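Treat the numbers as computed from the prediction; the structure is a model and nothing was measured. Every number for a ligand or one of its atoms is a count from 1 in the order of the listing.
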Amino acid sequence: MRGIENIPELSNPSVCMKDPQRVKDILQSMVKAGSNTLQVISDFDMTLTRFSHNGKRCPTCHNILDNSKVISEDCKQQLDHLLKTYYPIEIDSTRSVEEKLPLMVEWWTKAHDLLVEQKIQKNLLAEAVSESEVMLREGFQLFFDHLHEHSIPLLIFSAGIGDILEEVIRQAGVFHSNVNVFSNYMDFDESGVLRAFKGDLIHIYNKREGALLNTGHFQELRTRPNVLLMGDSLGDLSMADGVQDMENILKIGFLNDKVEERKQAYLDSYDIVLIKDETLEVPNAVLLHLT
Ligand code: C5P
Ligand code: MG
């Protein structure tokens with residue numbers, strides 16, 4: 001049987017594992033079950049997209065809009081102020097989820113209210129994306145194309161903005177038919193002006209609720225009880241909570257920021273932790289091994 005030793009990328013310097021034997025066992029079970037039992041669930045911002053490039057932070061879905069010309073200068077400053085206030089809370093390892101949760105709801109709610117005030121036009125979103133500095137991680141082409149070729153469903157589960165996220169993967173030419181998205185979608189009026197966000201808000205700490213609301217999706221995928229999960233926040237760990245009769249789950253976590261403070265918590269919850277790794281090299285190697 002092929003084992004962990006057949007994936008040389010798992011020895012990359014960015015890779016940390018608390019229990020390599022466990023990773024080996026999960027991989028063996030998943031290889032045995034076959035790729036027709038596999039589904040992939042991934043976060044978007046800072047998981048499929050890069051965290052930084054040449055020392056500069058890359059934008060999230062929200063930041064793509066925040067920095068674009070569809071937003072007034074005054075509003076830009078307010079959004080930037082929100083980012084500077086709440087992002088440090090998001091990554092603060094000294095605060096509990098219970099403490100952070102209401103503050104995250106506050107961030108998303110205030111930001112969405114500001115975006116709605118800007119009367120953003122739907123037909124300007126594509127340009128905002130193409131002019132932005134967003135970058136999918138190196139190896140994204142192989143990641144998306146390989147999953148598509150092997151008919152493996154990919155769920156992108158994002159607390160970002162669905163319309164922006166879709167545009168990013170569409171412009172990159174990888175919005176294939178096997179991709180489904182759960183995210184915050186914009187609601188436009190009949191003249192194409194943003195008037196609200198649709199449905200219940202998804203923020204980084206309620207992905208479990210979001211997963212449980214989408215039973216139909218997971219019901220369709222019930223013949224795929226093996227999951228590869230990818231995220232960059234501890235909140236992303238609950239993205240697979242809706243999966244029915246789960247057999248195996250392999251969790252890959254990107255640790256991009258506040259590495260020393262958060263390393264132990266990530267090692268305790270993700271099977272494979274990728275430290276300041278801006279590529280999809282390891283997930284791709286795992287996928288090639290599983291297919
Ligand atoms: O796709 P993902 O679930 O990672 O999207 C959530 C990310 O969006 C968070 O990690 C947060 O830092 C970012 N965010 C932002 N601006 C907001 C709200 C969230 O950049 N107004
Ligand atoms: Mg993320």
Output a table of donor-acceptor pairs, distance under 3.5 Å, between side-chain atoms of residues 112-119 and any protein atom two or more places apart or on a different chain; print 'none' if there are none.
{"unit_1": "H112", "atom_1": "NE2", "unit_2": "H62", "atom_2": "NE2", "d": "2.9"}
{"unit_1": "Q118", "atom_1": "OE1", "unit_2": "S72", "atom_2": "N", "d": "2.8"}
{"unit_1": "Q118", "atom_1": "OE1", "unit_2": "S72", "atom_2": "OG", "d": "3.4"}

Does the pair [X]/[Y] count as a salt bridge with the N-to-O cut at 4.0 Å?
X    : Y    : answer
K84  : D80  : yes
R57  : E133 : no
R22  : D271 : yes
K207 : D236 : yes

How far is [atom] from its nearest protein heavy atom, and which residue and atom name does that atom have?
atom                   : value
atom 8 (O) of ligand 1 : D45 OD2, 4.0 Å
atom 1 (O) of ligand 1 : S158 OG, 2.6 Å
atom 4 (O) of ligand 1 : D43 OD1, 2.8 Å

- request: Report yes or no: is the cationic atom of R137 (NZ for Lys, CZ for Arg) closer than 6.0 Å to the six-membered ring centre of F143, at no more than 45° off its axis?
  value: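 Not flagged: R137 not positioned over aromatic ring of F143.
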Sub-4.0 Å atoms of ligand 1 with respect to non-hydrogen atoms of [X]:
X    : result
K207 : 3 (O)
F44  : 1 (O)
A111 : 21 (N)

Contact partition for [X] relative to ligand 1, non-hydrogen atoms under 4.0 Å:
X    : result
W107 : side chain
M104 : neither
A159 : both

task: Check the angle between the aromatic planes of F182 and F218 and answer parallel, tilted or perpendicular using the 30° and 60° thresholds.
output: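 Perpendicular.
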Does the side chain of [X] pick up a donor-acceptor pair with the side chain of [Y] at under 3.5 Å?
X    : Y    : result
H176 : D145 : yes
D241 : S238 : no
E166 : Y185 : yes

- prompt: Nearest to atom 10 (O) of ligand 1 by heavy atom, H62, M239, E90: which?
  reply: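 Residue with the shortest heavy-atom distance to the ligand atom: E90.
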Best match, L114, I91, T60, L115: closest heavy atom to atom 13 (C) of ligand 1: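 Minimum heavy-atom distance to atom 13 (C) of ligand 1 goes to T60.
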- prompt: For Y87, is at least one N or O under 3.5 Å away from an N or O on ligand 1?
  reply: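 No.
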task: Not counting sequence neighbours, which residues clear side chain to side chain contact (heavy atoms under 4.5 Å, CB included) with D245? List them please.
output: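 With neighbours one apart ignored, the set is empty.
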- request: Name all residues meeting the salt bridge (Lys or Arg N to Asp or Glu O under 4.0 Å) criterion together with K198; count only those two or more places apart in sequence or in a different chain, and write none if there are none.
  value: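 Not a single residue meets the salt bridge (Lys or Arg N to Asp or Glu O under 4.0 Å) criterion with K198.
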message: Check for me: within less than 2.8 Å of the Mg ion (ligand 2), which protein N/O/S atoms show up?
response: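 Near the Mg ion (ligand 2), below 2.8 Å, one finds D43 OD2, D45 O, D232 OD1.
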